[in-house]
Amino acid sequence: MGVKLTDTQVTLTHPQDESTSVTILLYGATVTSWKVKGQERLWLSEQAKLDGSKAVRGGIPLVFPVFGKSTDHETSALPQHGFARTSTWEVLGQTSEDPLTVQLGLGPEQLSVEARQQWGRDFTLLYTVSLTGPESLTTKLEVENTDKAPFEFNVLFHTYFRIPDVSKVAVQGLTGKRVADKVLKSNYVEQTTDGVRIDGEVDRVYATESSDPVDITSDGTPIVSITGRKNTEDVVVWNPWTDKANGLADFYPKDGFKQMICVELGAVSKFHTVAPGDKWAAEQTLNAK
Ligand code: BG6
């Protein structure tokens, strides 16, 4: 019950329901497991590296300060998705009992020499993970500028949801939204009226309002609802399908794409700016149905 800390991870168990828990690996502050009533709700590759040698394939990796890879920007030297998911965070402690909450922090002194050379800004990241209910998990990432000049960044909760069967699943709330489609290499407005379905490789960024509800349904029944969105106007929908999954060494089983869908909320379509001394925060609540 409560909060259990080891050298490598921290686990929160819901005080009123011990079959609900969340585990956060200190490497990347990656949520690697979220169990609701004993049922795992996140997809984690069976060959995900959990030893700090590579970003975790699954769970909720954190993207900061750049989504994808940038060109002509001060983050351009950084690898895809930045360094937050490949740095070891510090557990700052339990900040609330009800709801059960822990906070992790990352600052320049915890970055690798290489990452520090690639992006030399002074910053503090605070990651707050909360079991807001027996069926809900809230994640909040706060970016504080401790530098002398403004800096620009992207943020994303790269959530891999575990789903029963990708052929039955749809993402609701995206109809009529503008899409940047990285597979088709085109921009268009989403026309589907019964949800976004996956029947091949999908890699899209939808422009939404943070107030729009986003739900994942299976056979028309909601299985996850994402609420409490703050500064998360972009919704990335990603499924690697066959060829891409085959090309990812740490993606296993190779047909695991049938049991996962990434629905990633954040701020990635443009860089946001935070002034010296200021803070900016993105937040989401995942509700299991
Ligand atoms: C998604 C991107 O967010 O992450 C995809 O939209 C990318 O383009 C995917 O392939 C996985 O990225 P990575 O770096 O974890 O293999």
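Along the sequence shown, residues carry numbers from 1. Every number for a ligand or one of its atoms is a count from 1 in the order of the listing.
With a 4.5 Å cut-off on side-chain heavy atoms, Lys37 and Glu135 count as touching.
Not counting sequence neighbours, the partners of Trp119 by the ring pair (Phe, Tyr, Trp, His ring centres under 6.0 Å) test are Phe64, Phe83, Phe123, Phe151.
Ring planes of Phe257 and Trp241: tilted class, angle from 30 to 60°.
Listed by chain and number, residues touching ligand 1 at under 4.0 Å (heavy atoms only) are Arg57, Phe67, Gln80, His81, Arg85, His158, Lys182, Asp203, Val236, Trp238, Lys244, Glu264.
Other members of the cluster containing Leu50 are Leu25, Tyr27, Leu44, Val56, with ILVMFWY side chains joined at under 4.5 Å, either directly or via other members.
Pairs engaging residues 109-127 under the salt bridge (Lys or Arg N to Asp or Glu O under 4.0 Å) rule: Glu74-Arg121, Arg116-Asp122, Arg121-Asp147 [sequence neighbours left out].
No donor-acceptor pair under 3.5 Å is formed between the side chain of Ser96 and the backbone N or O of Thr101.
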